[in-house]
Visitor: 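The following block contains the structure, expressed as structure tokens.
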Amino acid sequence: MSKPAPLYNRLALIGVGLIGSSIARAAREQGVVRSIVATARTAATRKRIAELGLADQVVETNAAAVEGADLVIVCIPVGASGAVAKEIGPHLAAGATVSDVGSVKGSVIRDMGPHLPKSVHFVPAHPVAGTEYSGPDAGFAELFVNRWCILTPPAGADPKAVEKLAAFWRLLGANVETMAADHHDLVLAITSHLPHLIAYTIVGTADELGEVTKSEVLKFSAGGFRDFTRIAASDPTMWRDVFLANKDAVLEMLGRFNEDVSALTKAIRNGDGNALFEQFTRTRAIRKGIVQIGQDSASPDFGRSHPALPHEPLPKPYASDED
Ligand code: NAP
């Protein structure tokens, strides 16, 4: 069956790490855009993008990348999105759609919005998909398949532009949902941001206990701890920005979490086996529900093993298992 005509003529990718390079690979594979122009902050990454053949053109500046593009996707840590919007604003083509992939949406809208001209369509997005790796080598075309991409168009956004971007993500394999930015940030605070905070904490605590546990922490890491270490290896820049940008929602969820930890602490102290059993039974059912709706599988890597993905340590200590 022949592929449909490309949706966009020229896709500009600003930032080509795990997410940007996965978009490039998937968009190419699916023929969703006619051409791709890409840029990254450092010369080393721009060189790597060219070596990997991820774009038709690799340019040195963000301003040059967006010239003549009808779709611009900013794929960088959320804390840097305002400065980049300021840089590209004057160079955007009228009628272009400007989007992003940031894990927090309210701050991105606040930071980017004021710098974008009225003549463009601003449709922020968050593909809820990731691995514990980063950088242009880590991406793969199937990353978004059967995962959610959440669009958070600001009030007054052009429905046609929103629907076109939704169609783009569907062609990349994602399921698309639209919601308000603050609702997104609240939901992701509990489903993604808090779990990362817990992983960072528990691995840090274990490290501080190093004297007591010696190398036994690593030796017996299969006992639950190993999964936390994978998440806690997530990219420090990306996650620093997420917590700073989604402060209120994370603090709200952290407050509730602390209350629940206190309740479990009390149950353990009081020898209240029923309370523990009830809680663990409830959470087991939630896990089953996630598998049933196809958002995970019983296999350890969600069946996503990819020949191009190195499984042994990458050159940089990257990572994030976002979302
Ligand atoms: P990544 O692999 O680390 O790539 C980040 C890219 O952003 C690189 O091209 C990097 O350029 C560039 N960059 C870094 N700091 C910058 C700055 N201050 N100004 C301009 N460019 C900068 O990151 P990623 O995992 O693709 O994440 C990108 C975005 O996607 C983040 O906003 C994150 O919240 C979101 N997200 C991530 C995941 C996940 O699981 N990783 C999932 C969904 C959404 P250089 O290489 O040249 O430094």
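Indexing begins at 1, ligand by ligand and atom by atom, following the structure's order. In this text the structure is predicted, and so the values were computed from the model without any measurement.
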Visitor: Any nitrogen or oxygen of I76, main chain or side chain, under 3.5 Å from a nitrogen or oxygen of ligand 1?
Guide: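 Yes.
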
Visitor: For V78, counting its heavy atoms only, list the atoms of ligand 1 lying under 4.0 Å from any of them.
Guide: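 Reading through ligand 1 atom by atom, the close ones are 32 (O).
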
Visitor: Could you tell me whether some N/O pair between H126 and ligand 1 is separated by less than 3.5 angstrom?
Guide: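 It does not: no N or O of H126 is found under 3.5 Å from an N or O of ligand 1.
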
Visitor: Decide whether an N or O pair under 3.5 Å exists between L18 and ligand 1.
Guide: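 Yes, there is a polar N/O contact under 3.5 Å.
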
Visitor: More than 12 non-hydrogen atoms from neighbouring residues, nucleotides or ligands closer than 6.0 Å to NZ on K86, yes or no?
Guide: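 No, the 6.0 Å shell around NZ holds no more than 12 heavy atoms from other groups.
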
Visitor: Does the pair K105 and D100 meet the rule for a salt bridge (charged side-chain N to carboxylate O under 4.0 Å, His left out), with working shown?
Guide: CA-CA 9 Å; K105 302 285 25 126; D100 77 313; 2.8 Å; yes

Visitor: Ligand 1 and Y133, any nitrogen or oxygen pair closer than 3.5 angstrom?
Guide: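 No.
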
Visitor: Under 3.5 Å between any N/O of V84 and any N/O of ligand 1: does that happen in this structure?
Guide: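 No, no N or O pair falls under 3.5 Å.
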
Visitor: Given that the side chain starts at C-beta and the backbone is N, CA, C, O, which of these parts of A44 lies under 4.0 Å from ligand 1, counting heavy atoms, or is it both or neither?
Guide: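 None of A44 does.
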
Visitor: Between S134 and ligand 1, find which residue part has any heavy-atom pair under 4.0 Å and reply side chain, backbone, both or neither.
Guide: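 Both of them.
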
Visitor: Begin from the C-alpha positions of R25 and S21 and carry the test side-chain hydrogen bond (donor to acceptor under 3.5 Å, both in side chains) through to its verdict.
Guide: CA-CA 6 Å; R25 288 175 169 101; S21 74; 2.9 Å; yes

Visitor: Between the candidates G130, P127, G15, which shows the shortest non-hydrogen contact distance to atom 43 (C) of ligand 1?
Guide: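 Selected option, by shortest heavy-atom distance: P127.
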
Visitor: Within a distance under 4.0 Å of any heavy atom of A80, pick out the atoms of ligand 1 and give their elements.
Guide: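 In order of number, 17 (C), 18 (N), 19 (N).
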
Visitor: Mind checking whether V16 has an N or O less than 3.5 Å away from an N or O of ligand 1?
Guide: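 N/O-N/O distance below 3.5 Å exists for this pair.
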
Visitor: List every atom of ligand 1 that sits less than 4.0 Å from any heavy atom of G102, numbering the atoms from 1 in the order shown and giving each element.
Guide: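 Numbered from 1, ligand 1 contributes 32 (O).
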
Visitor: Output the list of atoms in ligand 1 that are nearer than 4.0 Å to some heavy atom of V101, sorted by atom number.
Guide: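 Within the 4.0 Å cut-off of V101, ligand 1 contributes 29 (C), 30 (O), 35 (C), 36 (N), 44 (C).
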
Visitor: Angle class for the H196/W239 ring planes (parallel below 30°, perpendicular above 60°, tilted otherwise)?
Guide: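 The arrangement is parallel - the two ring planes meet at less than 30°.
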
Visitor: Heavy-atom contacts with A40 under 4.0 Å: which atoms of ligand 1 show up? List them by number with element.
Guide: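 This gives 9 (O), 47 (O) as the contact atoms.
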
Visitor: Side chain to side chain contact (heavy atoms under 4.5 Å, CB included) between V37 and L11: does it pass, once the steps are laid out?
Guide: CA-CA 6 Å; V37 56; L11 164 64; over 6 Å; no

Visitor: Under a 4.0 Å N-O cut-off, is there an ion pair linking R48 with E51?
Guide: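 So R48 pairs with E51 through a salt bridge.
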
Visitor: With the side chain counted from C-beta on, respond yes when V98 and L92 share a heavy-atom pair under 4.5 Å apart, and no when they do not.
Guide: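 Answer yes - side chains close enough.
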
Visitor: Without hydrogens or angle criteria, can the side chains of R10 and Q57 be said to hold a donor-acceptor pair below 3.5 Å?
Guide: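 Yes, because at least one side-chain N or O of R10 sits under 3.5 Å from a partner of the opposite role on Q57.
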
Visitor: For R46, check side-chain hydrogen bond (donor to acceptor under 3.5 Å, both in side chains) against everything at least two apart and list the hits.
Guide: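 Checked R46 against side-chain hydrogen bond (donor to acceptor under 3.5 Å, both in side chains); zero matches.
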
Visitor: In terms of side-chain heavy atoms, does R41 have a donor or acceptor partner in T45 at a distance below 3.5 Å?
Guide: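 No, because no side-chain N or O of R41 sits under 3.5 Å from a partner of the opposite role on T45.
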
Visitor: Classify the contact between M238 and ligand 1 as side chain, backbone, both or neither, using a heavy-atom distance cut-off of under 4.0 Å.
Guide: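 Side chain only.
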
